Protein chains: 2
Amino acid sequence: MSLRSRQPSEPASPEPEESALPLRGQRKQRTRDALIDAALQLMNEGRSFNSLGLREITRVAGVVPTSFYRHFRDTNELGLVLVEESGLTLRRMLREARRAGAPVKDMIRRSVQVYKAFVLTNRLHFLFVAGERSGGSPVIRGAIRNEVEQFIAEMTQDLRHLQIFPNLSPESLQMICGLVVNTMLNAATDILDLPPGDAELARAQEDNFVKQLRVIFFGAQLWREDAEKGEP
Amino acid sequence: MSLRSRQPSEPASPEPEESALPLRGQRKQRTRDALIDAALQLMNEGRSFNSLGLREITRVAGVVPTSFYRHFRDTNELGLVLVEESGLTLRRMLREARRAGAPVKDMIRRSVQVYKAFVLTNRLHFLFVAGERSGGSPVIRGAIRNEVEQFIAEMTQDLRHLQIFPNLSPESLQMICGLVVNTMLNAATDILDLPPGDAELARAQEDNFVKQLRVIFFGAQLWREDAEKGEP
DNA sequence: ATTTTTAGTGCACAAGTGTTGACTTACGAA
DNA sequence: TTCGTAAGTCAACACTTGTGCACTAAAAAT
């Protein structure tokens with residue numbers, strides 16, 4: 001079960017150095033991808049990453065256990081590669097959103113729908129990120145945290161240039177984005193766990209998600225920097 | 001290393017049925033608790049729950065592997081007990097907050113500080129909940145979700161009786177509470193991961209947490225039910 | 001054409017795993 | 001005092017695990 005073609009990155013970019021068709025390197029990359037896919041596939045069946053065994057991974061990848069060492073020092077190193085990949089996916093989402101521009105009509109709901117679609121088509125990466133973000137081994141958790149932090153920073157930049165919240169200082173904008181991203185990743189878990197077919201539940205879940213974001217954006221728009229707020 | 005006395009529940013409540021000092025039952029409970037504590041302790045050292053082995057648990061609990069079966073069918077069942085316990089801890093927090101009443105001055109910051117303290121003194125349970133909420137085995141994740149859902153519902157009731165948001169329908173209030181709880185649990189991970197001693201970082205983290213909650217409550221106060229909101 | 005490199009294989013090993021059944025031993029009821 | 005119950009122990013089982021070493025074969029370099 002091949003889950004996806006791996007990292008097409010730039011499909012038609014004849015880089016002179018790398019893609020000079022080293023036939024062996026190609027082959028190596030293929031089993032390397034098979035290993036990564038195997039890990040993702042196992043997680044897709046309900047397992048958590050750091051409960052995966054090296055042998056288990058190589059088994060579903062269709063290679064012998066010792067082959068693993070030709071590509072990674074241990075499973076943790078594979079995990080870090082997975083973190084990096086997932087980070088790329090996150091930034092790809094941001095880039096696509098950037099290109100599409102902010103929808104003018106019913107902005108939040110549209111964004112949520114786009115997000116939902118993106119989560120589902122990149123199911124495995126989101127499963128990994130949402131799952132290991134607070135759970136797994138400390139080193140991987142740290143790496144994911146970095147990636148998410150970076151994502152938040154980029155999102156902050158984008159929103160800043162869009163001038164949607166002219167009232168907010170860059171720091172406050174970042175704090176808002178952190179809140180939004182947490183809400184997003186949390187929703188990702190819900191989206192991925194949702195049994196397919198139940199349109200009613202999906203709708204309720206989407207409505208809830210939309211409302212939460214509306215509250216956040218609503219509060220953000222009216223935010224003033226200095227004051228000590230809250231009801232006195 | 002005994003981490004805590006287990007479930008004091010009601011320290012001075014001579015229940016006629018249970019506490020008739022069946023010396024054997026006492027002993028059984030003790031090793032049962034040792035098993036539970038062992039699991040928590042292992043997680044406290046950076047492991048995720050469903051990577052724990054039965055033997056591993058019994059080893060740090062100081063009993064022989066086969067003893068495990070006198071208390072739990074398998075590790076998953078232990079996990080479910082852990083979920084239940086953690087749920088109790090969550091509700092205990094709510095109850096204490098209820099008894100203390102809402103602080104009138106600088107309400108949110110106070111609450112955050114109380115919450116931080118509570119998370120640190122109940123470190124293990126929060127570590128478990130925050131870690132396995134989106135990570136571990138599906139059945140445990142589901143159980144945690146139930147517990148959290150219930151917590152949200154209770155919190156909704158409390159806020160309703162406090163009349164803090166008279167503008168919100170019960171459903172909207174629940175949605176707000178969901179947002180708050182997610183933000184709380186997310187902050188719990190940060191709080192627990194924070195290296196001790198770094199007061200500066202702790203302060204920044206707390207400020208961020210406080211601000212996020214302020215935005216949410218601020219947005220909630222101004223929320224109107226009917227309208228389709230957001231910037232058009 | 002020959003040699004070097006290297007991705008992938010096969011085999012082996014020590015160590016750890018979950019689970020079993022028969023056992024001890026001390027509590028608590030008779 | 002006797003005796004059944006059951007928490008905990010012991011030894012053993014059939015596996016799985018991560019890892020090391022020698023090997024093959026095909027691609028790349030010479």
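Quick note on labels: first sequence line is chain A, next is B, and so on, each numbered from 1. Note that the coordinates shown come from a computational prediction; the quantities given were computed from them, not determined experimentally.
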Check the pair E154(B) / R95(B) against salt bridge (charged side-chain N to carboxylate O under 4.0 Å, His left out), numbers first and verdict last.
CA-CA 10 Å; E154(B) 278 191 40; R95(B) 208 182 42 183; over 6 Å; no
Mind checking side chain to side chain donor-acceptor pair (under 3.5 Å) for D193(A) and listing every partner two or more places apart, or none if nothing turns up?
R141(B), R145(B)
Separation of dG8(C) P from L35(A) CG (nearest whole Å):
8 Å
Salt bridge (charged side-chain N to carboxylate O under 4.0 Å, His left out) against R73(A), all qualifying residues, sequence neighbours excluded:
E77(A)
d(NE2, H71(A); C1', dG18(D)) in whole Å
17 Å
OP1 or OP2 of dA7(C) less than 4.0 angstrom from a side-chain nitrogen or oxygen of T31(A), does that happen here?
no
N76(B) atom CG is separated from dT17(C) atom P, nearest whole Å, by 18 Å
With no hydrogens and no angle check, just 3.5 Å: does a side-chain donor-acceptor pair link N186(B) and R133(B)?
no
In this structure, how many angstroms lie between the P atom of dG8(D) and the CZ atom of F68(B), rounded?
13 Å
Please produce a list of atom pairs where a protein N or O lies less than 3.5 Å from an N or O of nucleotides 20-27 of chain D.
from: dA27(D); atom 1: N3; to: R24(A); atom 2: NH1; distance (Å): 3.3

In this structure, how many angstroms lie between the C1' atom of dT17(C) and the CD atom of E56(A), rounded?
13 Å
Residue closer to the 5' end of DNA chain C, G62(A) versus R55(A) (nearest nucleotide)
G62(A)
Separation of dT19(D) atom C1' from L54(A) atom CG, nearest Å, is 9 Å
Please give, in whole Å, the distance from dG18(D) P to N50(A) CG?
12 Å
Calculate the interatomic distance between K28(B) atom NZ and dT9(D) atom C1'; express it in whole Å.
16 Å
Sequence neighbours excluded, which residues qualify as ring pair (Phe, Tyr, Trp, His ring centres under 6.0 Å) partners of F68(B)?
F72(B)
Looking at every strand, decide which applies to V63(B) at a 4.0 Å heavy-atom threshold: base, sugar-phosphate, or nothing.
sugar-phosphate
So what does R59(A) touch, heavy atoms closer than 4.0 Å: a base, only the sugar-phosphate, or nothing?
sugar-phosphate
Among all residues two or more places apart in sequence or in another chain, which pass the side chain to side chain donor-acceptor pair (under 3.5 Å) test with Q157(A)?
none
Can you pull out every salt bridge (Lys or Arg N to Asp or Glu O under 4.0 Å) where at least one residue sits in residues 112-123 of chain B? Sequence neighbours excluded, please.
K116(B)-E206(B)
